[in-house]
Asker: 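Attaching a single structure in C-alpha cells format; questions to follow.
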There are 2 protein chains.
Amino acid sequence: MFIQIEPTSEIPIYTQLANQLIELIATGTLKASDALPSVRSLAADLGVNMHTVNKAYHELEKKKIIEIIPKSGAIINPISSNGPSDMQMDLIKLHLKPLIAESIVYGLDKEQILSITSSIISEITEG
Amino acid sequence: MFIQIEPTSEIPIYTQLANQLIELIATGTLKASDALPSVRSLAADLGVNMHTVNKAYHELEKKKIIEIIPKSGAIINPISSNGPSDMQMDLIKLHLKPLIAESIVYGLDKEQILSITSSIISEITEG
DNA sequence: ATTCTGTTCTAATACTATTATAACAGTGAT
DNA sequence: ATCACTGTTATAATAGTATTAGAACAGAAT
C-alpha cells in the first residue's frame, strides 16, 4: 500500500489517508471489489492509530466510495457508470468553487485554469 | 458586504469568510486597492467575534490576496498580471488534485470535469 | 484630542484529532 | 469447534483548533 502520511501537515491524518486512497482508486491501482487492508494492519503499516484509519474509512463510506461490511472488512465500490449522485456532485462543486475563485484572484484566466485541470486529470489517469 | 455565514457548517467561520471574500474579489465586486471593512465592523455585521474576522484577514494575507497595514486597515492587492507565484500555484494544485481524483472515482470523465470547471468559471466571471 | 485601527494578552468553552487500552461479537479459515 | 482476525464500542487522556469575551496598547486618521 503506497501511502505516505505527513504527521506534521495541517491536513488531518485521516483526510490525508482518505485522499490518497481515493487517488489510488482513481488511478486504478485499487479496483472495484478489492478489499482494503484491515484498519489494524494499515494503522500498523503507517504508524498511526487504528481509530485514525477507521475514521478515514468511514469518510470514504460517507462518500459512497467504499462499503464497510461490519466485522468483516471494507471493499471498494464500483465506479458508477451513471456518474455521481446529486450529493456527490454538490460536494464537488461546493469545494471546487472557492478553489477556482482563488485561482482567478491569482491572475489565472479560464484557459489556464482548464489547462491545469486537464494536466492533473492526465496525471491521474495516465500517471 | 454581501456575506452569509453558516454558524453550523463544518467549515470554520474564518474559512467561510475568507472564501467569500475571495469570491467577491474574483467577481470584481471588490477591486484592487479597495479597503476591507475593519475587523470590528465586519464582525459586528456578521455577528461573530472580532478575532474570527481577524483570522480570516490573516489567511488572505498569507495568500498575498490582501495587504494588512498595521493599525490602519486592510486593502485588496491587485490581481497579478504575471499569474500566480510558485507558492500560490503549488497550493492550488495541492487542493485541486484530491478533488479531481474524487470526481474521477465518482465516474466523471475528463470532458465532464472540464465542463463543470468551465461552468463554475463562467458563473464567477460573468456573475 | 478623539475616535478608529490592528495588535496583543489572558481566559474560558467547546470541539476535533490522535493516541492508548480494552472488551465485545461476528467472520473466516483450519 | 477452535482461534485468530474483523469492525464496533467504550473510556480516557492529551494536544490542538475554533470561537467567544474583555481589556489594554499604540499607531493612524480626522
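The figures that follow rest on heavy atoms only: side chains count, while hydrogens, waters and symmetry mates do not. Quantities reported herein were computed from a predicted structural model and do not represent experimental measurements. Protein chains get the first letters and strands the later ones, always in sequence-line order, with residue 1 at the start of each.
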Asker: Report the residues that fulfil salt bridge (Lys or Arg N to Asp or Glu O under 4.0 Å) with K55(A), sequence neighbours left out, ordered by chain and then residue number.
Answerer: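 Partners of K55(A) by the salt bridge (Lys or Arg N to Asp or Glu O under 4.0 Å) criterion come out as none, since no residue qualifies.
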Asker: Specify the separation, in whole Å, of atom CD1 of I69(B) and atom C1' of dA26(D).
Answerer: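 Taking atom C1' of dA26(D) as the reference, CD1 of I69(B) is at 17 Å.
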Asker: Flag the pair I3(B) / D45(B) as yes when at least one side-chain heavy-atom distance between them is below 4.5 Å, and no otherwise.
Answerer: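 Sidechains of D45(B) and I3(B): no contact.
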Asker: Could I get a table of every N or O pair under 3.5 Å where one atom is in the protein and the other is in nucleotides 28-30 of chain D?
Answerer:
residue	atom	partner	partner atom	Å
dA28(D)	O4'	K71(B)	O	3.2

Asker: To the nearest Å, give me how far apart CD1 (I13(B)) and P (dT17(D)) are.
Answerer: 17 Å
Asker: Tell me whether K110(B) at atom NZ has more than 12 heavy atoms from other residues, nucleotides or ligands lying less than 6.0 Å away.
Answerer: yes
Asker: How close or far is atom C1' of dA18(D) from atom CD of E59(B), stated in whole angstroms?
Answerer: 12 Å
Asker: Would you say S118(A) and L114(B) make side-chain contact, with heavy atoms under 4.5 Å?
Answerer: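 In contact.
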Asker: Where the side chain of E102(B) meets the backbone of I92(A), is there a donor-acceptor pair that is under 3.5 Å apart?
Answerer: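 Such a contact is absent between E102(B) side chain and I92(A) backbone.
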Asker: Would you please say whether a donor-acceptor pair under 3.5 Å links the side chains of S41(A) and S38(A)?
Answerer: yes
Asker: In terms of hydrophobic clusters joined by side-chain contacts under 4.5 Å, are I79(B) and L21(B) together?
Answerer: no
Asker: According to a 4.5 Å side-chain heavy-atom criterion applied to Ile, Leu, Val, Met, Phe, Trp and Tyr, with indirect links allowed, do I120(A) and I116(B) form part of one hydrophobic cluster?
Answerer: yes
Asker: Within the pair Y14(B) and dT19(D), is there a side-chain N or O less than 4.0 Å away from OP1 or OP2?
Answerer: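 Indeed not, no polar side-chain atom of Y14(B) lies that close.
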Asker: Side chains of H58(B) and N54(B), heavy atoms from C-beta outward: is any pair under 4.5 Å?
Answerer: yes
Asker: Among the clusters formed by ILVMFWY side chains lying less than 4.5 Å apart, do Y14(B) and I25(B) turn up in the same one?
Answerer: no
Asker: Are I66(A) and I75(A) side-chain neighbours, meaning at least one heavy-atom pair lies under 4.5 Å?
Answerer: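 In short, these two side chains do not touch, never coming nearer than 4.5 Å.
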Asker: Please list residues of residues 45-55 of chain B whose heavy atoms come under 4.0 Å from any atom in DNA chain C, ordered by number; otherwise none.
Answerer: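 Hits under 4.0 Å, by residue number: M50(B), H51(B), N54(B).
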Asker: Reading DNA chain C from 5' to 3', where do the contacts with chain A start and stop? Cut-off is 4.0 Å to heavy atoms.
Answerer: dA17(C) to dG28(C)
Asker: If the helix axis at each end comes from five base pairs, how far does the helix from dA1(C)-dT30(D) to dT30(C)-dA1(D) deviate from straight, to 10°?
Answerer: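 Computed angle between terminal axes is 40°.
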Asker: I11(A) has an atom CD1; how far is it from atom C1' of dG16(D), in whole Å?
Answerer: 16 Å
Asker: Hydrophobic clustering (ILVMFWY, side-chain heavy atoms < 4.5 Å, transitive) - are I68(A) and M50(A) grouped together?
Answerer: yes
Asker: Is there a side-chain contact between L99(B) and L99(A), using heavy atoms and a 4.5 Å cut-off?
Answerer: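 Yes; the side chains approach each other to less than 4.5 Å.
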Asker: Looking at DNA chain C, which of residues 29-44 of chain B put a heavy atom within less than 4.0 Å of it?
Answerer: S38(B), V39(B), R40(B)
Asker: Shared ILVMFWY cluster between L91(B) and I113(A), side chains joined below 4.5 angstrom?
Answerer: no
Asker: Is the shortest heavy-atom distance from the side chain of I11(A) to the side chain of E6(A) under 4.5 Å?
Answerer: no
